[in-house]
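Chain letters run A, B, ... following the sequence lines, proteins first and then strands; every chain starts at 1. Quick note: numbers below take in every heavy atom, side chains included, and nothing from hydrogens, waters or symmetry partners.
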Amino acid sequence: MKQEKYQFRDIERKWQQKWRESGAGRADEKSGRPKYYALAMFPYPSGNLHMGHVRNYSIVDVIARFQRMRGRNVLHPIGWDSFGLPAENAAIKNQTPPADWTRQNIARMREQLREMGISYDWEREVTTCQPDYYRWTQWIFLQFYRHGLVYRKKAAVNWCPSCATVLANEQVVDGACERCETAVTKKDLEQWFFKITDYSERLLNDLDTLPGWPEKVKTMQRNWIGRSEGVEAKFRVEGRAEPVTVYTTRIDTLYGASYVVLAPEHPLVPEIISGTEFEAPVLAFIDKMKHLSEITRTSAETEKEGMFTGAYCLNPLSGERVPLWIANYVLPEYGTGAVMGVPAHDERDFEFAGKYGLPIRRVILSSPLLPAAKDEPPAAAYTGDGVMVNSAEFDGLDNEVAWEKMADKLASQGMGERKINYRLRDWLISRQRYWGAPIPMVYCDKCGTVPVPESELPVLLPDDVVFQPGENPLARSESFVRTLCPVCGGPARRETDTMDTFMCSSWYFLRYADPHNAAAPFDRARADYWMNVDQYVGGVEHAILHLLYARFLTKGLHDFGYVAADEPFQNLLTQGMVCLDGAKMSKTRGNIVSPEEIISKYGADTARLFILFAAPPERDLEWSDKGVEGCYRFLQRVWRLARQYAERPQPDGNPADAADARARGMRRLTHATRKKVTQDLGERFNFNTAISSVMELVNALYLYKEEPASDASVAREGLETAVLLLAPFAPHITEELWAALGHAGSVHDEDWPAADEAALAADTVTIVLQVNGKVKDRVEMPPGAGREETEALAAARLEKYTRGLTVRKVITVPGKLVNFVVTANS
RNA sequence: GCCGAAGUGGCGGAAUUGGCAGACGCGUCGGUCUCAAAAACCGAUGGGGGAAACCUCGUGCCGGUUCGACCCCGGCCUUCGGCACCA
């Protein structure tokens, strides 16, 4: 019998063409079926798909195809996060406009995605660098501006001298620029900020409404938001009316405060040193601090340094007179920029006091049994809980109780109040860059800072720019900068900063719901139909920033009444990295396997299958060429098996009627596999075990067909089950085989195969026989066998192990095991 | 340092959550087919012992709970992520 070979190239090309023509993957809201929104983090169009993309999109495609076969109305879109630095760098290097470079990259990567056979709704493709998209990014900026959530301030910002741009704190890694690794310095600039800190509490609390997110990601977000409960306490400064306010989470240690420290930038500093002998040295110290980058200065490794200001202040409760210092380890941005120094109970203060000879007094003892220790100098700071000492009326109290009482007392005397602080900073969105969405603001000498009216959006990026390293080309484009004031009509200048690309990627999932809307970013009804995203999948590197900003923007749009969703992503899966030789694949490291190469050698189905089979999705995946070949072999095995059946007519008879034990065993496996794969795909994302169980089914089908009395209908059912179950993973080969097996429609339009519970019923169950918990034997029994019957049989089988010993106890788990607990005769 | 994951054969990984450890795949070894090779197919494959039926050890380490622990508890070690002077 002549057998057609598995020509993956022809097959994949053929079906991709057909899907393209039929618009497979298209989603609309008219379906009566329940919706399902499957989303992968959209790519930056760098030019080529890498294995991380292949993994990400394969995972989501399996989910999308599975949900379609299960009867859901699936939205599975794709787009391009296409603003950003690489395009501009390429423009400088090649003198090609960023738009052209980006367009070419998108075209190339779009083809690569099509070659992977991902079932996107291509009619919903969005591209953030196109005016029809960034118009609405600007519109969203204006809504936040209108609601008082956008402001401009002069701020010392992280500056990358090489990229000539401002970096957000989160884009500074180890004191260096995230992109080019140049050491970051500071620069004062007027910058636009989003008031994300207004949402700190909600961004924190609403994490509890997301059980479908990994605990790890939620923890990272919680830490990033960094909520702390403390007290702001006032220390009177001798000879001054205005007190110093310190922030502390350990107000219970107030009696142990032996000094107060201000940040060098604290506004009080110049005043208190003015005209004193301390003025010159303190100013010299501050100057020295300014020359260090914030990163160096605030690094935990930097030695603590400080200086006495000459001033003293008074403890609000004890009245004790303590010196006022400045020090490098106090940050002006956090809390009040002033802290009380409690060396006995804070490690930083302990180090600082040791260095400068400041008093160290214990106020908390770890145990009440050590009263003698209360006046001994400690060897290290004790930061734990305990009993109060040296604290006047609070002595003897549990420190947690004292905390509350001291906070109350300060409040009643007007010397302090409870305060919650967050580590989260406002979001700096200004970028001194060309290739981004222009910030829609205008500066008028008469009217001041004026937003561009919505009717004038988009503020288009100009074409007449020259790309050189350094300065923002936008600022040099006269045609762009010169404009008229929207209020008075007089001459005005445009803002030349563009937006952080995180802005563009913080709402794209809403645009997919209504991508061609020219009157609004999206229609509320359409957005409400699709939102929330049912399953979001992407790299864990976006665990903090992208996800936090997307949550923030969604909450804002919700609050302004544009969408019902308050959280964008119902379930989140963070996929692991793709590694080669134990390290993440990367261009710089040179350990790359190119998807194009794999697809041309083995086909997209094999590439997809391997990447899903080699590891569970959230774990790192070690690339293996041999493993790819194994998956290729498996698909060929499926191919050969199915082709044999393609030559035969549809068998008569119902597989459920098959009577002999072998047939029923085969059928049981077929239906057990259906059940297993359904669970693996629907309840957890264990693609690897789903695939392995289909492999087992195929192996069994090979054996079954060689049986002398094999039932054709049972074999056929098993084979078609394998093809259907593989369809989400390997969409091309299964489509081809489904047609070859005589079916008219697409395999992807078939109903997901349900397990027949009747077929799952086993003829016998294996009972494990144990002695003292160790397996000694196993026995086959009818499923409904009674306890006594089972134990009797077990006793007989285990006789040789229990002979001469005393049976203390028999543990029986019906249908599973019998365990004899024995001891030696005494 | 803090927070979060993870440690299972030669390798990637299973074990549906306390009940047969090592599914599936890779690799290796042996065999069939072939003039030969490739492909394909069949078989073996955690360590030690034994001719064999079998015995024994075994899920990072130490202890605990339990009839029974890769799984639960306590304490360590290692690796990988994240954060790091946040008062």
Do the charged groups of [X] and [Y] touch, with an N to O distance under 4.0 Å?
X       : Y       : value
R418(A) : E232(A) : no
K218(A) : D208(A) : no
K288(A) : E305(A) : yes
E215(A) : R222(A) : yes
E201(A) : R227(A) : yes

Taking only side-chain nitrogens and oxygens of [X], does any of them come within less than 4.0 Å of OP1 or OP2 of [N]?
X       : N      : answer
N686(A) : G13(B) : no
R348(A) : G1(B)  : no
R619(A) : A14(B) : yes
Y334(A) : A87(B) : yes
N688(A) : A14(B) : yes
R423(A) : A84(B) : yes
R640(A) : C41(B) : yes
S624(A) : C11(B) : no

Round to a whole Å and report the spacing from [atom1] of [X] to [atom2] of [N].
X       : N      : atom1 : atom2 : answer
M340(A) : C86(B) : CE    : P     : 14 Å
L798(A) : C67(B) : CG    : P     : 19 Å
Y602(A) : A39(B) : OH    : P     : 12 Å
Y632(A) : C24(B) : OH    : C1'   : 21 Å
M695(A) : A14(B) : CE    : P     : 14 Å
L580(A) : C11(B) : CG    : P     : 18 Å
F352(A) : C85(B) : CZ    : P     : 16 Å

With [atom1] as the reference atom in both, quote the distance from [N] to [M] in angstrom, rounded to an integer.
N      : M      : atom1 : value
U66(B) : U8(B)  : C1'   : 22 Å
C24(B) : U16(B) : C1'   : 16 Å
U65(B) : G46(B) : C1'   : 28 Å
A21(B) : C54(B) : P     : 15 Å
G64(B) : G10(B) : C1'   : 34 Å
C61(B) : U78(B) : C1'   : 10 Å
C86(B) : G22(B) : C1'   : 48 Å
C62(B) : G25(B) : P     : 34 Å

Of the listed nucleotides ([options]), which one gets closest to any side-chain atom of [X]?
X       : options                : value
T249(A) : A23(B), A87(B), C20(B) : A87(B)
N328(A) : C85(B), C67(B), G82(B) : C85(B)
W224(A) : A84(B), C20(B), C67(B) : A84(B)
S228(A) : C67(B), G12(B), A87(B) : A87(B)
P616(A) : A14(B), G82(B), G19(B) : A14(B)

Counterpart base for [N], defined by Watson-Crick or G-U wobble contacts under 3.5 Å:
N      : result
U16(B) : none
U78(B) : A6(B)
C72(B) : G64(B)
A51(B) : none
C85(B) : none
G43(B) : C29(B)
G58(B) : none

Contact class for [X] vs. all strands (heavy atom < 4.0 Å): base, sugar-phosphate, or nothing?
X       : result
G630(A) : sugar-phosphate
N223(A) : sugar-phosphate
N421(A) : nothing
Y801(A) : sugar-phosphate
R633(A) : sugar-phosphate
V339(A) : base
P214(A) : nothing
D349(A) : nothing
Q679(A) : base
T219(A) : sugar-phosphate

Tell me, please, which residues at least two apart from W213(A) pass ring-ring contact (aromatic ring centres under 6.0 Å, His included). none

Stacked cation flag R637(A) on Y702(A), 6.0 angstrom / 45 deg: yes

Can you confirm whether or not the ring centre of F352(A) sits under 6.0 Å from the ring centre of Y329(A)? yes

So that I know where these two stand, are Y602(A) and F610(A) an aromatic pair - ring centroids less than 6.0 Å apart? no

Anti or syn - G9(B), cut at 90° from 0: syn

For U78(B), glycosidic torsion class - syn if within 90° of 0, otherwise anti: anti

Examine the base of C67(B) for any acceptor or donor lying under 3.5 Å from a partner atom in the side chain of K809(A), and report the outcome as yes or no. no

At less than 3.5 Å, do the side-chain atoms of Q770(A) and the base atoms of G19(B) form a donor-acceptor pair? yes

Assign each of K774(A) and D346(A) the nucleotide of RNA chain B bearing its closest heavy atom; nearer the 5' end lies the nucleotide of K774(A)

Considering heavy-atom distances to RNA chain B, does K626(A) or K216(A) have its closest nucleotide positioned more toward the 5' end? K216(A)

Donor-acceptor under 3.5 Å (N591(A) side chain, A583(A) main chain): yes

